[in-house]
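Data first, discussion second: the structure below is written as structure tokens.
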Amino acid sequence: MGDTTASTPTMTAEVEMIPITVDFSGGLEMLFSNQRRHSLEIPATDKDGKPCNIASLIGYLCENTMKDPRRELFVLDDHIRPGILVLINDADWELEGEEAYEIQRGDNILFVSTLHGG
Amino acid sequence: MGDTTASTPTMTAEVEMIPITVDFSGGLEMLFSNQRRHSLEIPATDKDGKPCNIASLIGYLCENTMKDPRRELFVLDDHIRPGILVLINDADWELEGEEAYEIQRGDNILFVSTLHGG
Amino acid sequence: QNGVRDSLAPEEFDRYSRQMIVPGMGKDSQLRLLNSHVLIIGAGGLGCPAAQYITGAGVGTIGIVDGDVVETSNLHRQVGHATSRVGMLKVESLITHLRALNPLPNYVAYPFPISPENAAEVIRGYDLVLDCTDNPATRYLISDICVLLCKPLVSAASVQKSGQLIVLNCPPAPQGLVDNKYAPCYRCCFRKPPPAGSMVSCGEAGIMGPVVGTMGVMQAGEAIKILASGLHLPGSEGGNLREPTLLIYTYELENTIGPFSFRALKMGGRKKNCFACGENSTLTLEGIKGGDPNYEQFCSLPSAKHTL
Amino acid sequence: QNGVRDSLAPEEFDRYSRQMIVPGMGKDSQLRLLNSHVLIIGAGGLGCPAAQYITGAGVGTIGIVDGDVVETSNLHRQVGHATSRVGMLKVESLITHLRALNPLPNYVAYPFPISPENAAEVIRGYDLVLDCTDNPATRYLISDICVLLCKPLVSAASVQKSGQLIVLNCPPAPQGLVDNKYAPCYRCCFRKPPPAGSMVSCGEAGIMGPVVGTMGVMQAGEAIKILASGLHLPGSEGGNLREPTLLIYTYELENTIGPFSFRALKMGGRKKNCFACGENSTLTLEGIKGGDPNYEQFCSLPSAKHTL
Ligand SMILES: [Zn+2]
Ligand SMILES: [Zn+2]
């Protein structure tokens, strides 16, 4: 997947890909093929040429990684749904700039569903 | 401490220093000023010019870091005492070459005392 | 009720000796536990194990709040109850068990659910609160009251194969004092509840006993060290904030314990714009008692529509 | 004793329903638990909470081994006992508590310490062993017997403010089969015991209740998933090794839960030269019963000389 030259309609051959890991926890893994960790290569820039940030990663995950049709359990009005924490390299995304954080090579992004049972 | 030029009798000014973290757990922290984590700069080579490995780190810790006089609780016959696990970047040192493992910049070395209570 | 204790009876020395000889504990820490009042809200899967260890450690006054009765389907995880006590109020059942374990503490039963009407009154007399409840509306309520009454809060939650634990409001600071050196409240960390339908209770979604049990025991562990070491007392500069950490436990049925079973997540300090503790907060005890905010509406009610 | 169960009684459906609806569990997993035999060696700080959750989950036959009697100084952490049962054998006291929690399992009491003479006989009939003991000689003995009898072993330990947990021998493989795809035994991970004098028991060094409690509950958690999912059964290629992991818990009295509270350490697979499971091992059941190896000598006896 690294240096693929077979371009898709929305992606030119020159788009740089960055390797990241995306983790799901607290039950969210059930929406993503029951897989806790996904090692992905994502385009470094979106279709407007802007660096990939958390907002565009969320769109990317919905389009490419999520097989479960229940999107509303992950996104709401194009934002992450309330009750899901986003962690950038194990730190709350509010410490890192939230949706605007520009994703770096090797980042780990964790989505955790908040639990309320007991 | 980084680029100090004040040389000690056994160390020339040109000895490169490498930053590492050394952790103690399972009760061993009591031998090291009750401090779980020590951020150290250690000489990259020993006095014979060989790269610093775990064996020389153990000697270094005894001479420079350990304030408790009960050395026999940490070393026995110049080796780590039985009942202490050594972890190199969270992996058992047996996976990494044990005492001969050459320490790299940024390594984390963890010493854990094996527990038997219940 | 009784005054501050400054010495231990021989029976107490005997009972607590194995804990008192741990480095960092000792007689002073044991006396701090004996003089402490701990409130456990919820006598279920978290509350049972938490209460066992709070009781074992010798906390002087232990309050337990729960309006439910014991059911057979509780017993795989609610290890402070018993088959012969099915149908009994959970607070009575659990206190029966705790008294048998340790007759020395003072037990206080609150056999009703915590509510906006009664929460401040119940919580006021305690030094520390354990949130062992099972729904978001109650979790926001408890945190808000703890902010207003300046109580440290140890909060845990668990569903299916996941658990979470966080120490909040510790040390507590008055509402409106904002600065990163103060500890976050529940709302600082979890600003908005999930929409209705996206969450389920343990009864609906299921729960593995050892997952909720692990979180409950660890809640007791945090409470005991906070009280024994006085971590809830403000430091000399007023702050004393530690690294706020959300611990998550993932129990994978298809794998033994592994590198990702536990993760410690770094959370921020108190938020300037927090609805409860922030600088422009209008939250008051009177408001809460009178129905403002409306917790049920804020959280809606859980439904079993989706199993997540 | 009774045959293999292939259906659940209505009372069992009711009691275990909240666990059976967890994704990945279900009726088949519940039946595997009901048909399982679990041996808990040690009815103390680890064994009490472990037994509560093993019992709650519906394991069919539960054996408990311990030669001690209940003392008051146990009760701060050994939450399956009670003040009124001080002086009673721990196995009897704990089974009293467990039976009240769940009358359905078959309980087997072994009111004596595990020893080289009796270990194989006691362990033989079980599917999985929990090591909840308190001294190294017994830990090496239990592991050696588990290697020879091909039993998975969930081992935990705790002293003062530290805890450790590891799943060993899972899935088990015959002695002498060496290859990294096989799971390690206790000796593969902990080749030599500490010298006498460098270790102390919980009685001598002290122990915080929630630390040993957390490890005990987690032991039950590992046992339940191993049995429910059949993780101890060899995979199609004979191996099925998972990542052997030593979990360590550090409870800091002066800090709330933080980034270093838990660490998962990567251990190797089975060692070629392991004294017990390795390719040239001469360890046998007959030898052990006859005093070879000499476990007490190998480990010496703990002394209170040093407090570490
Ligand atoms: Zn707040
Ligand atoms: Zn071995």
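Chain A is the first sequence line, chain B the second, and so forth, proteins listed ahead of strands; every chain is numbered from 1.
- Around atom CZ of C/Arg191, no more than 12 heavy atoms belonging to other residues, nucleotides or ligands sit under 6.0 Å away.
- Across every non-hydrogen atom of C/Pro195 and A/Pro82, the tightest pair is CD-O, 3.6 Å.
- Distance check: C/Ile248 CD1 to A/Asp23 CG gives 8.5 Å after rounding to the nearest 0.5 Å.
- Summarising the geometry, atom CD belonging to A/Glu94 is positioned 7.5 Å from atom CE belonging to C/Met267; distances are rounded to the nearest 0.5 Å.
- For chain C, no part of A/Asn89 is nearby; none of its heavy atoms comes within less than 4.5 Å.
- No side-chain donor-acceptor contact under 3.5 Å links C/Gln164 to the backbone of A/His116.
- No part of C/Lys161 comes within reach of chain A, as not one of its non-hydrogen atoms sits under 4.5 angstrom from that chain.
- For the pair C/Ser162 and A/Gly27, the tightest heavy-atom approach, listed with the atom from each and the gap, is OG-N, 3.9 Å.
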_Please determine whether side-chain contact (heavy atoms from CB on, under 4.5 Å) holds for the pair A/Met30 and C/Gln160, giving the CA-CA distance in whole Å, both sets of side-chain angles, and the decisive distance to 0.1 Å._
CA-CA 12 Å; A/Met30 285 195 274; C/Gln160 294 186 340; 3.3 Å; yes
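- Here the CG atom belonging to A/Leu110 is positioned 10.5 Å from the CZ atom belonging to C/Phe260, to the nearest 0.5 angstrom.
- If you measure heavy-atom distances from C/Thr250 to chain A, the contacts under 4.5 Å come from the side chain alone.
- Going from atom CD of A/Glu29 over to atom CD of C/Glu252 covers 8.0 Å, rounded to the nearest 0.5 Å.
- Rounded to the nearest 0.5 angstrom, A/Leu87 CG and C/Leu246 CG are separated by 7.5 Å.
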_Pair A/Asp90, C/Arg263 - check salt bridge (Lys or Arg N to Asp or Glu O under 4.0 Å), show working._
CA-CA 8 Å; A/Asp90 284 344; C/Arg263 278 176 86 161; 2.7 Å; yes
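- The number of heavy-atom neighbours closer than 6.0 Å to CG of C/Asn294, taken from other residues, nucleotides and ligands shown, is above 12.
- A/Thr114 contributes atom OG1, which lies 6.5 Å from atom OH of C/Tyr186 (distance to the nearest 0.5 angstrom).
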*Go through the steps to decide whether A/Leu85 and C/Leu265 satisfy the test side-chain contact (heavy atoms from CB on, under 4.5 Å), and finish with yes or no.*
CA-CA 10 Å; A/Leu85 296 181; C/Leu265 309 177; 5.6 Å; no
